[in-house]
J.: 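Here it is: the structure, laid out below.
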Amino acid sequence: MREVALSPSAREHALDEMAAHEVDVLVVGGGVVGAGAALDAVTRGLSVALVEANDWAGGTSSRSSKLIHGGLRYLEMLDFKLVAEALRERALLLQRLAPHLVRPVSFLYPLTRRIWERPYAGVGMLLYDTMGMSSVLPCGVPAHRHMTKRTALAEAPGLKPSALVGAVRYWDAQVDDARFTLTLVRTAASYGALCASRTRASSFIREEGRVVGAVVQDVETGRERTVRARAVVNATGVWTDEMLQRAGASGSLRVRASKGVHLLVPRSRIAMSSGLILRTETSVLFVIPWGDEHWIVGTTDTDWTHTKEHPAVSSGDIDYLLDHVNTVLASPLTRNDILGVYAGLRPLVSGQAEQTAKLSREHVVARLQPGLVAIAGGKFTTYRVMAKDVIDAAVRELPHSVPASSTKEVPLAGADGHQSLVRRNAVLAKRYRLSPERVDRLAERYGTLAAEVLEPVAADSTLGEPLRGAPGYLRAEIVYAATHEGALHLDDVLTRRTHIFMETEDRGLAAAEEAAPLVAASLGWDQTTVDKEIHRYRQRVDAEQEAGRQPDDRRADAARMRAPGFGGPQPAHMA
């Protein structure tokens with residue numbers, strides 16, 4: 001595989017090529033499942049087109065809890081198949097497919113009941129550890145261990161002594177969900193998939209009762225193209241129902257959106273060396289380490305019936321998370337501690353449960369019409385299995401035999417040579433006069449592609465400097481987002497290529513002033529466009545903050561939708 005850049009010119013070439021030649025598989029949806037499906041198909045030797053109406057990972061796949069895990073709560077629900085499958089995928093990602101993007105993370109599970117809870121939790125944790133083992137790969141994380149109250153408080157002095165009688169420490173894994181999805185897309189493109197973001201499947205083409213492709217619209221220009229395909233895969237997550245209506249497909253596949261809200265707070269506000277998992281009345285609550293400077297607190301699990309493109313965080317959501325986490329914290333969090341918030345929608349296969357927390361996270365693949373297959377449900381951790389299953393269904397639509405999935409053996413871009421990163425990082429640090437810690441952070445985001453990120457610094461040393469307003473990122477990373485990672489707008493750069501939007505107290509407003517001019521040349525922006533992008537980003541921040549002051553979903557959604565573009569991406573010529 002030769003890694004390719006997702007540049008603006010590569011996007012235009014992909015659009016022209018998919019319109020000029022019939023492909024074997026057209027995948028609609030550029031979240032983790034759609035990107036995984038494109039990679040699965042192209043590595044079987046199929047010709048593939050992948051389109052996404054927004055930015056890559058613009059929906060659910062950039063707004064998760066950022067965990068790769070089996071799901072302890074599903075174990076308690078006796079969903080052993082789902083947990084075992086997820087733990088096998090966790091081991092693959094940690095050790096073979098994406099060791100540069102997925103890393104172990106530990107959690108404390110406080111025990112609150114004497115006598116019976118420790119053996120009960122211990123049996124569950126032992127089963128969790130055991131299910132993560134296989135004959136092919138070890139589980140990739142340490143085994144759980146029991147802790148006394150004294151030992152647990154020494155590791156987590158930020159907890160109230162009254163909040164626990166002991167604890168169990170266990171391990172799962174963490175991922176930068178947006179960057180992971182982007183890396184899947186880039187890997188698929190490197191194997192030959194034609195990938196275009198900001199490209200909406202506006203209608204489907206049917207001939208003699210069969211779906212044979214789609215009309216796709218370039219959201220940036222408004223231009224439409226016809227893409228013919230032998231099989232079409234709908235991997236649009238919470239938009240599944242709308243897309244199937246557009247295709248005129250009938251069936252029982254229905255998706256219910258569940259909103260999950262997360263808060264970002266400074267690491268200094270909670271004195272702990274591990275993450276934390278707590279029971280709530282309906283689900284679980286995590287406190288997850290995010291880098292060296294932040295905690296992610298989440299999540300909620302409630303029905304969402306409003307605008308799907310950008311689910312809003314209400315004041316009620318924030319209160320729910322603060323109230324629950326503060327039950328165990330010695331120094332309670334306040335709204336003043338919150339640096340950022342975000343919300344995502346889980347695509348749950350609709351069932352009879354009154355609460356979304358009780359719906360299954362298993363996925364469903366359905367052939368809805370000749371030539372059209374869809375996938376719904378599932379969870380981020382099992383994206384690869386979902387992708388395999390939907391492509392297995394899609395290839396039945398093809399007139400020739402197709403090899404089985406091989407993605408168990410396909411490392412993602414930046415993973416090859418990961419074992420030599422320590423030596424390579426030292427060379428990069430010396431060459432570009434950066435601290436070893438800075439280069440290590442780059443390697444955690446890009447793997448072996450960190451050297452490619454830094455190449456322009458040789459010609460322009462200012463690109464090796466930290467970005468004003470977001471010193472955790474280099475100016476070179478902002479440029480790289482536009483030249484190699486498919487970013488087309490300022491929001492793409494500050495929200496998904498980096499996480500400046502949620503990691504900075506001003507939501508990235510100061511960084512926006514420097515970031516927009518940095519990408520202008522690569523994206524063909526004049527000063528008017530630069531000013532317009534900054535203005536739209538400011539409007540987005542204002543709308544997010546206003547939504548967070550509203551008491552409920554309806555009013556929060558209305559407040560957030562006042563910012564342009566929140567009803568869906570706007571074409572550049574209309575912005």
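Since the structure is predicted, the reported quantities are computational estimates derived from the model, not experimental observations.
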J.: Quick one: pull up CD1 in I277 and CZ in R73 and give me the separation to the nearest 0.5 Å.
T.: 9.5 Å

J.: Grab the two heavy atoms, one from P466 and one from R438, that are nearest each other, plus how far apart they are.
T.: CG-NH2, 3.5 Å

J.: Rounded to the nearest 0.5 Å, how far does CD of E455 lie from CG of L449?
T.: 10.0 Å

J.: Can S190 and V4 be said to form a side-chain contact (heavy atoms from CB on, under 4.5 Å), step by step?
T.: CA-CA 5 Å; S190 296; V4 302; 3.7 Å; yes

J.: Looking at side-chain heavy atoms only, is the closest gap between D172 and L67 below 4.5 Å?
T.: no

J.: Is the closest side-chain heavy-atom distance between L276 and W295 below 4.5 Å?
T.: no

J.: Looking at T300 and K259, would you say the former's side chain and the latter's main chain have a donor-acceptor pair under 3.5 Å?
T.: yes

J.: Given side-chain contact (heavy atoms from CB on, under 4.5 Å), test L6 with L182 step by step and report yes or no.
T.: CA-CA 10 Å; L6 297 178; L182 170 70; 3.9 Å; yes

J.: For V341 and F501, work out which heavy atoms get closest and say how close.
T.: O-CE2, 4.1 Å

J.: Hey, does R44 have a side-chain heavy atom less than 4.5 Å from the side chain of S405?
T.: yes

J.: If only atom types and distance count, is the side chain of W171 paired as donor or acceptor with the main-chain N or O of V105 below 3.5 Å?
T.: no

J.: Does some side-chain heavy atom of L488 sit less than 4.5 Å from a side-chain heavy atom of S197?
T.: yes

J.: Surrounding CD of E505 (heavy atoms of other residues, nucleotides or ligands, distance under 6.0 Å), is the total greater than 12?
T.: no

J.: Keeping the roles fixed (side chain from Y432, backbone from S461), state whether a donor-acceptor pair exists under 3.5 Å.
T.: no

J.: Does A53 offer a backbone N or O that forms a donor-acceptor pair with the side chain of T199 under 3.5 Å?
T.: no

J.: Around atom CZ of R468, are there more than 12 heavy atoms of other residues, nucleotides or ligands at under 6.0 Å?
T.: no

J.: Has the side chain of N54 got a donor or acceptor atom that lies under 3.5 Å from a matching backbone atom of G58?
T.: no

J.: Take D176 and R445, measure what salt bridge (Lys or Arg N to Asp or Glu O under 4.0 Å) needs, and give me the verdict at the end.
T.: CA-CA 8 Å; D176 181 332; R445 294 171 189 154; over 6 Å; no

J.: Once rounded to the nearest 0.5 Å, what's the spacing between atom CD of E362 and atom OG1 of T382?
T.: 9.5 Å

J.: Verify salt bridge (Lys or Arg N to Asp or Glu O under 4.0 Å) between E220 and R11, making sure each step is shown before the conclusion.
T.: CA-CA 11 Å; E220 297 299 297; R11 174 181 177 274; 5.5 Å; no

J.: Sub-3.5 Å donor-acceptor pair from the side chain of T181 to the main-chain atoms of D177, do we have one?
T.: yes

J.: To the nearest 0.5 Å, tell me how far L454 CG sits from L474 CG.
T.: 6.5 Å

J.: Search all heavy atoms of L97 against all heavy atoms of V410 and return the closest pair with its distance.
T.: CD2-O, 3.5 Å

J.: Do side-chain atoms of T187 reach the backbone of A413 as a donor and acceptor pair under 3.5 angstrom?
T.: yes

J.: Do D55 and H489 have side chains that approach each other closer than 4.5 Å (heavy atoms only, starting at C-beta)?
T.: no

J.: Would you kindly say whether Y480 and E452 are connected by a side-chain donor-acceptor distance under 3.5 Å?
T.: yes

J.: Pick out which of D491, D492, D218 makes a salt bridge (charged side-chain N to carboxylate O under 4.0 Å, His left out) with R198.
T.: D492

J.: Determine whether R538 and D542 satisfy the following criterion, salt bridge (Lys or Arg N to Asp or Glu O under 4.0 Å), listing intermediate values before the conclusion.
T.: CA-CA 6 Å; R538 285 184 174 276; D542 290 344; over 6 Å; no

J.: Does the side chain of R90 come within less than 4.5 Å of V141's, by heavy atoms?
T.: yes

J.: Is it true that H69 and T381 share a donor-acceptor pair across their side chains at a distance under 3.5 Å?
T.: no

J.: Verify side-chain contact (heavy atoms from CB on, under 4.5 Å) between L93 and F180, making sure each step is shown before the conclusion.
T.: CA-CA 11 Å; L93 289 165; F180 184 92; 3.6 Å; yes

J.: Could you verify whether a donor N or O on one side chain and an acceptor N or O on the other, from W56 and E485, lie under 3.5 Å apart?
T.: no

J.: Would Y446 and H484 count as a side-chain contact (heavy atoms from CB on, under 4.5 Å) if you check the C-alpha gap in whole Å, the side-chain angles of each, and the deciding distance to 0.1 Å?
T.: CA-CA 12 Å; Y446 306 94; H484 287 71; over 6 Å; no

J.: With distance as the sole test, does R540 use its side chain to make a donor-acceptor pair with the main-chain N or O of H535 at under 3.5 Å?
T.: no

J.: Do R507 and E544 have side-chain heavy atoms sitting under 4.5 Å apart?
T.: no

J.: Kindly give the heavy-atom pair with the smallest separation between G469 and T504, and that separation in Å.
T.: O-CG2, 3.6 Å

J.: If every non-hydrogen atom of P347 is compared with every non-hydrogen atom of G237, which pair is closest and at what distance?
T.: CB-C, 3.7 Å

J.: Would you confirm whether Y473, through its side chain, and H499, through its main-chain N or O, come within 3.5 Å as a donor-acceptor pair?
T.: yes

J.: Quick one: pull up SG in C195 and CE in M18 and give me the separation to the nearest 0.5 Å.
T.: 7.5 Å

J.: Spell out, as yes or no, whether a donor-acceptor pair under 3.5 Å connects the side chain of S61 to the backbone of V32.
T.: yes

J.: Dump the intermediate steps for side chain to side chain donor-acceptor pair (under 3.5 Å) on T407 and R384, then the final yes or no.
T.: CA-CA 8 Å; T407 50; R384 194 196 63 82; 3.1 Å; yes

J.: What's the separation between atom CG in L184 and atom CZ in R186, rounded to the nearest 0.5 Å?
T.: 13.0 Å

J.: So L509 and Y537, do their side chains get closer than 4.5 Å, heavy atoms only?
T.: yes

J.: Taking all non-hydrogen atoms of both residues, which atom of L490 and which atom of E533 are closest, and how far apart?
T.: N-OE1, 3.0 Å

